[in-house]
Number of protein chains: 2
Amino acid sequence: MLRLTKKADYGLMALKYLAEQQTLAASIRNGANPAQSAKDIAEAYHIPPQLLAKILQTLAKAGLLVSHAGTNGGYSLARSAHDITAFEVIRAIDGPLFITSCITIHGTCDLAGHCTIKEPLRKVNDSIKDLLNGIRISDLIDPAETNPSAALAGGLVSIGL
Amino acid sequence: MLRLTKKADYGLMALKYLAEQQTLAASIRNGANPAQSAKDIAEAYHIPPQLLAKILQTLAKAGLLVSHAGTNGGYSLARSAHDITAFEVIRAIDGPLFITSCITIHGTCDLAGHCTIKEPLRKVNDSIKDLLNGIRISDLIDPAETNPSAALAGGLVSIGL
DNA sequence: GCGAAGCAAGACCAAAGCGGTCGGAGATGT
DNA sequence: ACATCTCCGACCGCTTTGGTCTTGCTTCGC
Ligand code: FES
Ligand code: FES
């Protein structure tokens, strides 16, 4: 259930890595972000390099990363790490799929007429979306600074159906 | 992302249907629950009968339903509709899978050592689990009687997909 | 007791999605 | 201009999913 694809997992890892490198370069050195290459990130996490490359491509196309080709090229964050949510990353990689399996690109599924649980599930969907929206890349780096607005801290989250 | 399988969708529909029939039979008639057959439920929602049958079998094996064979047999809820959560249904059908793709039966995935986002994702996982645990199938029948606790902070942000 | 209605359990199959790989195109620094 | 480095798009096999079929068993109505 609710399986988050490995690609999205890798993507989040890569984003976190880039954010770390960026803040580290901004504080210690004064140079601009050094545009980590896909291969570097892949080796840092021991994941298939070419697969990560494709993920980064997707992320770049989605506007979350900027790519720089050529020697010493690579990727760097398009926005601040504090300004990118986990939801954006996941949606960029896994597409706009949602839990109800009815919400497809073609609009309604063939059961739309007699499906009785569509609305409640949509609410659940929205809640999960909000949950993910409350998580920023910067939160992944330092778990202590999680923002208190998202009830991520282990509290029971209730939704009104 | 986070795709809820169609089987679980069907399962929830069936559970809701059974709950409706059960409460209806308890209030109007005085007879016991009439044990709806799989075919009846399938026809009510226009879903493949044999597929639903297999889903109901799984649900019965999980202890959420009780089956009664023979003529005029069928399925009925094992517990009160107020006492079955959506999480149980989903887990019974789709298995104990979880979002992080690392949490497998074999314990840790091969990236466990150098994966940095495992913990944050686990918290998200728990939050979703709590979210689903807060939904009972009685809530699906009458949306008005939902428990009125705090919705997620930070309003519903809708993104055009 | 007999047959029909219904569940139970398995094998089986096609389609889709996912994870992973390959070779080429393009930019960059020298 | 060249060598090289990196991005980029196409490709491919595997697993999962959704769905069907067959067979056997259990119970009830008659
Ligand atoms: S399955 Fe499509 S609306 Fe519920
Ligand atoms: S991918 Fe397995 S621990 Fe993160």
Side-chain angles (χ1 to χ4, degrees), chain A residues 1-11 13-14 34-43 45-62 65-76 90 93-102 104-106 109-111, chain B residues 1-11 13-14 18 32 34-43 45-62 65-76 78 90 93-97 99-102 104 109-111:
Chain A
M1 68 172 269
L2 297 174
R3 193 182 59 243
L4 184 61
T5 61
K6 222 167 198 174
K7 290 187 195 174
D9 204 1
Y10 291 159
M13 277 191 257
Q36 302 290 327
S37 82
K39 203 184 74 172
D40 292 342
I41 307 176
E43 285 179 356
Y45 290 105
H46 300 90
I47 57 184
Q50 317 224 32
L51 178 57
L52 183 89
K54 194 163 62 173
I55 296 170
L56 293 178
Q57 292 166 28
T58 310
L59 250 29
K61 218 174 346 184
L65 294 178
V66 287
S67 63
H68 201 53
T71 316
N72 283 10
Y75 293 93
S76 47
I90 295 173
I93 294 177
D94 282 351
L97 298 176
F98 277 101
I99 64 171
T100 35
S101 72
C102 350
T104 64
I105 316 169
H106 311 76
C109 86
D110 42 343
L111 302 172
Chain B
M1 69 171 268
L2 296 174
R3 193 182 59 245
L4 185 61
T5 61
K6 223 167 198 175
K7 289 185 194 174
D9 203 1
Y10 291 160
M13 277 190 257
L18 283 175
Q36 303 291 326
S37 83
K39 205 186 74 173
D40 291 343
I41 306 176
E43 284 178 357
Y45 291 105
H46 300 91
I47 58 185
Q50 316 225 36
L51 178 58
L52 183 89
K54 196 159 60 173
I55 296 170
L56 292 179
Q57 289 171 25
T58 309
L59 248 30
K61 217 175 344 185
L65 293 178
V66 286
S67 63
H68 201 53
T71 315
N72 284 9
Y75 295 92
S76 47
I90 295 173
I93 295 177
D94 283 351
L97 298 176
I99 64 172
T100 35
S101 71
C102 350
T104 63
C109 86
D110 43 344
L111 302 171

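Computed from a prediction, not measured in an experiment: that's the story for all the values here. FYI, side chains are in, hydrogens and waters are out, and symmetry mates aren't considered; it's all heavy atoms of this structure. The sequence lines fix the lettering, A, B, ..., with proteins before strands; numbering per chain opens at 1.
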> Give the rounded distance in Å between these two atoms: CG of A/L65 and P of D/dC7.
11 Å
> Measure the distance from CD on A/Q50 to P on D/dC12 and round it to the nearest whole Å.
16 Å
> Can you check whether A/S37 has a side-chain N or O nearer than 4.0 Å to OP1 or OP2 of D/dC5?
no
> At 4.0 Å (heavy atoms only), tell me whether A/A38 reaches a base, stays on the sugar-phosphate, or touches nothing.
sugar-phosphate
> Would you kindly give the NZ-to-P distance between B/K61 and C/dC7, to the nearest whole Å?
15 Å
> Which parts of nucleotides 23-30 of chain D does protein reach within less than 4.0 Å, heavy atoms only, written one letter per nucleotide 5' to 3' as B for base, S for sugar-phosphate only and - for none?
---BBB--
> Can you name the nearest heavy-atom pair linking A/A8 to A/I90, along with the distance?
CB-CG1, 4.4 Å
> Mind listing the closest non-hydrogen atom pair of B/A78 and B/V66 along with its distance?
CB-CG1, 4.0 Å
> Between B/L65 and B/L18, what is the shortest heavy-atom contact and its length?
CD2-CD1, 3.6 Å
> Could you state the CG-P distance from A/L52 to D/dT6, rounded to the nearest angstrom?
14 Å
> Taking the side chain as everything from C-beta on, heavy atoms only, tell me whether A/S37 gets closer than 4.5 Å to A/K39.
yes
> Between C/dG19 atom P and A/Y10 atom OH, what is the distance in whole Å?
8 Å
> Give me the atom names and distance for the closest heavy-atom approach of B/A53 to B/Y75.
O-OH, 4.1 Å
> Between the side-chain atoms of A/K54 and the base atoms of D/dG9, is any donor-acceptor pair under 3.5 Å?
no
> Between A/S67 and D/dT6, does any side-chain N or O lie under 4.0 Å from OP1 or OP2?
no
> Using 0.5 Å steps for rounding, measure from the CD1 atom of B/I93 to the OG1 atom of B/T58.
7.0 Å
> State, to 0.1 Å, how close B/P49 and B/A42 come at their nearest heavy-atom pair, and which atoms those are.
CA-CB, 3.5 Å
> Could you measure the distance from the CG atom of A/L56 to the CD1 atom of A/I41? Nearest 0.5 Å is fine.
5.0 Å
> Just the atom pairs and distances: protein N or O near nucleotides 16-18 of chain C's N or O, under 3.5 Å.
none

> Calculate the interatomic distance between B/Y45 atom OH and D/dG19 atom C1'; express it in whole Å.
20 Å
> Which whole-number value in Å describes the distance from B/L56 CG to C/dA8 C1'?
12 Å
> Taking all non-hydrogen atoms of both residues, which atom of B/L52 and which atom of B/A14 are closest, and how far apart?
CD1-CB, 4.1 Å
> To the nearest angstrom, how far is B/L51 atom CG from C/dC7 atom P?
14 Å
> Between A/P48 and B/Q36, who's closer to the 5' end of DNA chain C by nearest nucleotide?
B/Q36
